[in-house]
Amino acid sequence: MTGVAIRPLADCPGQASRLARWHFGHWGHFYDPADWNLATATAELEDHATRRGRPTTLVAMRDGEAVGSVSLVDEDAPELRGVGDAWLASLFVRPASRGHGIGAALVRACVALAASERVPRLWLFTPEHAGFYAALGWRDQGAATLRGRSVHLMDIVPG
Ligand SMILES: CC(C)(COP(=O)(O)OP(=O)(O)OC[C@H]1O[C@@H](n2cnc3c(N)ncnc32)[C@H](O)[C@@H]1OP(=O)(O)O)[C@@H](O)C(=O)NCCC(=O)NCCS
């Protein structure tokens, strides 16, 4: 984490398209390109850069460059709308920067932002990182199926 600061995307001009390329490269295959593509991912992040509260994005910055990000949103997957109305989404650390605590710091910063907004219960879904989130205090609330894939639903009470 040395030299890494977590900032609102609003304070990181020009980083939205970089984050969108990462997100689309990692999660693009999950979606119908008519629903979500590089252009819509970029537009979403540019919108997040216009505010500091939900829906918004936090960025891990090192030497003026983004190395990771996380979003705090009202809805992550429409199929899970009934589960909750505040979600941690799109946690991503660039491959070269993994394993140094940046992902954990982004999760904590997102939970702290949710606490500052008095979110009573924050949710996420994850196909494969339940252990990572459990170590950060998230509770496993069972499985769900999303676009044919099994995911863990997890929650935390911020604050
Ligand atoms: C998941 C991800 C964000 C983790 O970022 P990171 O910066 O490497 O994570 P950290 O260095 O903060 O890891 C914190 C701890 O969690 C552990 N950890 C990481 N991934 C884990 C996993 N899948 N299960 C259990 N523990 C895990 C690390 O070993 C580390 O343990 P330590 O504190 O004992 O050393 C990163 O691998 C990533 O961007 N992956 C691709 C996108 C993705 O899958 N995002 C999550 C969507 S749900």
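Starting from 1, each residue takes its place in the sequence as its number. Please read these numbers as outputs of a predicted model, since none were measured by experiment. Indexing begins at 1, ligand by ligand and atom by atom, following the structure's order.
- Both Leu113 and Leu124 belong to a common hydrophobic cluster when Ile, Leu, Val, Met, Phe, Trp and Tyr are linked at side-chain heavy-atom distances under 4.5 angstrom.
- In this structure, atom 26 (N) of ligand 1 has protein heavy atoms in its sub-4.0 angstrom surroundings.
- In this structure, His23 NE2 and Leu38 CG are separated by 11.5 Å, a value rounded to the nearest 0.5 Å.
- Distance check on atom 34 (O) of ligand 1: every protein heavy atom falls at or beyond the 4.0 Å cut-off.
- Here the protein heavy atom with the shortest distance to atom 42 (C) of ligand 1 is His26 NE2, 3.4 Å.
- There is no protein heavy atom less than 4.0 angstrom from atom 30 (C) of ligand 1.
- For atom 2 (C) of ligand 1, the nearest protein heavy atom is 4.0 Å or more away.
- An N or O contact shorter than 3.5 Å links His129 to ligand 1 by distance.
- Side-chain N or O atoms of Thr56 include one that pairs as donor or acceptor with a backbone N or O of Arg51 at under 3.5 Å.
- Phe24 and Tyr31 fall within a single hydrophobic cluster, where Ile, Leu, Val, Met, Phe, Trp and Tyr are joined by side-chain heavy atoms under 4.5 Å apart, directly or via other members.
- Using a distance-only test at 3.5 Å, with no hydrogens or angles considered, no donor-acceptor pair links the side chain of Arg62 to the main chain of Ala66.
- If you number the atoms of ligand 1 from 1 as listed, the ones under 4.0 Å from a heavy atom of Phe92 come out as 39 (O), 42 (C).
- Atoms of ligand 1 lying under 4.0 Å from at least one heavy atom of Glu128, given by number and element, are 23 (N).
- Contacts between Tyr133 and ligand 1, counted as non-hydrogen atom pairs separated by less than 4.0 Å, involve the side chain only.
- With contacts defined as side-chain heavy-atom distances shorter than 4.5 Å, the pair Gln141/Phe125 does not qualify.
- Residue contacts with ligand 1 include Gly101, since one of its heavy atoms falls under 4.0 Å from the ligand.
- The number of heavy atoms from other shown groups lying within 6.0 Å of CZ (Arg7) does not exceed 12.
- One distance of note links CD of Glu128 with NE2 of His152; it measures 9.5 Å at 0.5 Å rounding.
- Every N/O-N/O distance between Thr126 and ligand 1 stays at or above 3.5 Å.
- By the 3.5 Å distance cut-off applied to N or O atoms, Leu91 is counted among the residues near ligand 1.
- Close approach of ligand 1 to His100 is summarised as follows: ligand atoms under 4.0 Å from at least one heavy atom of the residue are 11 (O).
- Atom-to-atom distance recorded for Leu58:CG and Arg108:CZ is 14.5 Å, nearest 0.5 angstrom.
- In the hydrophobic clustering of this structure, Val157 does not group with Leu122; members are Ile, Leu, Val, Met, Phe, Trp, Tyr whose side-chain heavy atoms approach within less than 4.5 Å, directly or through other members.
- For atom 44 (O) of ligand 1, the nearest protein heavy atom lies under 4.0 Å away.
- With distances taken over non-hydrogen atoms, the option nearest atom 5 (O) of ligand 1 out of Pro127, Gly131, Gly103 is Gly103.
- Scanning the protein heavy atoms around atom 21 (C) of ligand 1, the nearest turns out to be Phe132 CB, 3.6 Å.
- Checking atom 40 (N) of ligand 1 against the protein gives a heavy-atom contact under 4.0 Å.
- Summarising the contacts of atom 8 (O) of ligand 1 with Gly99, Ala135, Ala134, Gly68, the nearest heavy atom is found in Gly99.
- Taking any N or O of Val93, backbone or side chain, at least one lies under 3.5 Å from an N or O belonging to ligand 1.
- The nearest protein atom to atom 12 (O) of ligand 1, hydrogens excluded, is given as Ala104 N, 2.8 Å; this is a heavy-atom distance.
- The shortest contact between atom 37 (O) of ligand 1 and any protein heavy atom is with Arg98 CD, 3.3 Å.
- Legend: residues meeting side chain to side chain donor-acceptor pair (under 3.5 Å) with Ser71, ordered by chain and number and at least two apart, are Thr57.
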Show the atom names and distances, to 0.1 Å, of all donor-acceptor pairs under 3.5 Å that link a side chain in residues 84-91 to residues at least two apart or in another chain.
residue	atom	partner	partner atom	Å
Trp87	NE1	Gly84	O	3.0

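- Rounding to the nearest 0.5 angstrom, the gap separating the CZ atom in Arg94 from the CH2 atom in Trp22 is 6.5 Å.
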